[in-house]
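Structure, as structure tokens:
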Amino acid sequence: MLLSFALTLALAASALADPLRRMTCGSVPTVDEVATMEKHFMENKVESSLSLKESEAALRVIKVYFHVVAQDITPAGGNIPDTQIKNQIQALNRAYTSAGITWVLAGIDRTVNADWYINAGHGTPQQTTKQTAMKRTLHKGGPGDLNVYSVGRIPSGTAGLTTLGYATFPVMYKSNPLDDGVVILSTTLPGGSAAGHNLGHTLTHETGHWLGLYHTFQGGCAEPGDSIADTPPEGKEAFGCPEKRDTCLGGGLDPIHNYMDYTDDACKTGFTFGQINRIKQQLTTYRGLV
């Protein structure tokens, strides 16, 4: 008991000492926004023409356009090398193997723009304006292609918290195609400097949103939670890797190893069957991929 208590204190102290370990995501829809998205999904869901067996065996190939936005031409200024980007794609492929998705790097472009690198975001009107300019200039492909933008800072608006990334949801594509995609910190790629979050799973997490998944702690312990039946309810986000945490009575241990929680990259190991099924349904309905 004393050892467990001491370990808990150590983990908490470690998280507070390193702000990047208090990883947050900018894709946090409200209860009303989730209800609206779910209503649209239920009313417009397109069923796959494949049988269950065929769907499980199907390979979905998704092109990735990687946009490196840098402050200058140095790696320290965000001009990350091709090797890191290729390692990131490998990490993404390992994470989504069970979902039958293969990510193919379709292109890398590089833009030196210190303003976008530091100030593009989706918070204040000024940040959104800069993000809009960045995306409209660089975006490529259609609804079934993933656009990734790496930047140096994502304004969180909350002291002590660092936003590592954010994404659009599939249902948003039709109303604003050029906004579609994922924005992440360049330091979160494999080998980056974001302590605890430099194995590439920030992109795994944000791509989960791009594929239609919510956080595992969406809605806390209340129904419908993250709208997935086989992810245990979770009262709040988890940081670090708090084994055997249980924030919702009767629902099982918190899914801290799920890619859609806030835990460290090394703590994350996979998706549930229900999440994979939802990904396939969202791809068919909104991104034209059977």
Side-chain angles (χ1 to χ4, degrees), residues 23 25 27-31 33-48 50-60 62 91-102 167 169-171 201-287 289-290:
M23 181 277 271
C25 163
S27 306
V28 187
T30 65
V31 172
E33 288 170 337
V34 169
T36 298
M37 287 193 284
E38 288 306 292
K39 182 175 185 294
H40 189 278
F41 181 43
M42 291 298 106
E43 293 176 351
N44 295 276
K45 185 187 296 185
V46 176
E47 298 294 343
S48 173
L50 302 178
S51 67
L52 178 60
K53 186 175 182 179
E54 289 172 332
S55 179
E56 291 176 349
L59 181 64
R60 297 159 182 85
I62 299 177
L92 204 60
N93 274 315
R94 287 193 295 269
Y96 283 92
T97 297
S98 60
I101 296 176
T102 295
F169 289 89
V171 67
H201 291 319
T202 291
L203 186 55
T204 301
H205 176 102
E206 298 305 336
T207 300
H209 292 312
W210 186 82
L211 293 167
L213 299 181
Y214 302 121
H215 292 131
T216 51
F217 50 86
Q218 178 70 44
C221 299
E223 292 287 349
D226 66 347
S227 300
I228 306 291
D230 63 354
T231 54
E234 187 174 21
K236 60 182 179 180
E237 65 269 39
F239 296 100
C241 196
E243 296 287 354
K244 299 183 179 180
R245 194 183 79 152
D246 187 0
T247 54
C248 298
L249 294 178
L253 296 179
D254 290 355
I256 65 164
H257 298 295
N258 195 285
Y259 287 126
M260 300 313 294
D261 207 338
Y262 278 7
T263 46
D264 288 356
D265 280 9
C267 189
K268 297 184 175 84
T269 57
F271 297 106
T272 67
F273 178 81
Q275 286 176 313
I276 291 170
N277 186 53
R278 179 181 172 88
I279 285 172
K280 293 176 180 178
Q281 292 176 333
Q282 292 265 320
L283 281 175
T284 301
T285 300
Y286 295 115
R287 300 203 178 278
L289 297 174
V290 178

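Worth saying up front: this structure is predicted, and the values here are computed from it rather than measured.
- The OG1 atom of Thr247 sits 10.0 Å away from atom CG of Leu253, with the distance rounded to the nearest 0.5 Å.
- Atom CD1 of Ile228 is separated from atom CD1 of Ile276 by 10.5 Å, given to the nearest 0.5 angstrom.
- Evaluation of the side chain to side chain donor-acceptor pair (under 3.5 Å) rule for Tyr96 yields no partner, not counting sequence neighbours.
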>> Please evaluate residues Arg278 and Phe41 with respect to the criterion side-chain contact (heavy atoms from CB on, under 4.5 Å), reporting the C-alpha separation (whole Å), side-chain torsions for both, the decisive distance (0.1 Å), and the verdict.
In response: CA-CA 11 Å; Arg278 179 181 172 88; Phe41 181 43; 3.9 Å; yes
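- Here the shortest heavy-atom pairing between Cys248 and Gly235 reads SG-N, 3.3 Å.
- Applying the side chain to side chain donor-acceptor pair (under 3.5 Å) criterion to Thr285, with sequence neighbours excluded, gives no partner residue.
- None of Leu213, Ile279, Thr202, Leu92 except one satisfies the side chain to side chain contact (heavy atoms under 4.5 Å, CB included) rule with Thr207; the exception is Leu92.
- Each of Thr231, Val28, Val34 was evaluated against Gln218; a single residue qualifies, Val34, per the side chain to side chain contact (heavy atoms under 4.5 Å, CB included) test.
- Legend: salt bridge (charged side-chain N to carboxylate O under 4.0 Å, His left out) pairs involving residues 219-235, not counting sequence neighbours, sorted by first then second residue: Glu234-Arg245.
- Using bins of under 30°, 30° to 60° and over 60° for the plane-to-plane angle, the ring pair His215/Tyr262 lands in the perpendicular bin.
- Inter-residue side-chain proximity for Glu38 and Tyr214 is flagged as met; some heavy-atom pair is nearer than 4.5 Å.
- Asn258 contributes a side-chain N or O that, together with a main-chain N or O of Met260, makes up a donor-acceptor pair within less than 3.5 Å.
- Residues Cys221 and Leu249 fail the side-chain proximity criterion, which asks for heavy atoms closer than 4.5 Å.
- A donor-acceptor pair under 3.5 Å is formed between the side chain of Ser27 and the backbone N or O of Ala167.
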> side-chain contact (heavy atoms from CB on, under 4.5 Å) between Glu237 and Cys25: does it pass, once the steps are laid out?
Replying inline: CA-CA 11 Å; Glu237 65 269 39; Cys25 163; over 6 Å; no
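- In this structure, CG on Asp261 lies 3.5 Å from OG1 on Thr216, to the nearest 0.5 angstrom.
- Taking CD of Gln275 as the start and CG of Asn277 as the end, the distance is 11.0 Å to the nearest 0.5 Å.
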> Which is it for Ile101 and Leu211 under the side-chain contact (heavy atoms from CB on, under 4.5 Å) test, yes or no, and what are the steps along the way?
Replying inline: CA-CA 11 Å; Ile101 296 176; Leu211 293 167; 4.1 Å; yes
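- Residue Gly220 comes nearest to Pro233 through the heavy atom pair O-CB, 4.5 Å, listed as atom of the first residue, atom of the second, then distance.
- In this structure, the side-chain contact (heavy atoms from CB on, under 4.5 Å) partners of Glu243, at least two apart in sequence or on a different chain, are Cys241, Ile256, His257.
- Annotation: side chain of Thr204 is not in contact with side chain of Lys268 (no heavy-atom distance under 4.5 Å).
- Taking every heavy atom of both residues into account, Gly251 and Pro232 meet most closely at O-CB, 3.4 Å.
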>> side-chain contact (heavy atoms from CB on, under 4.5 Å) for Arg287 and Ile62? Distances and angles first, verdict last.
In response: CA-CA 10 Å; Arg287 300 203 178 278; Ile62 299 177; over 6 Å; no
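- Between Thr97 and Arg94 the shortest heavy-atom distance is OG1-O, 3.4 Å.
- Annotation: side chain to side chain donor-acceptor pair (under 3.5 Å) contacts of Lys45 (sequence neighbours excluded): none.
- Checked against ring-ring contact (aromatic ring centres under 6.0 Å, His included), Tyr259 has the following partners two or more places apart in sequence or in another chain: His201, Phe271.
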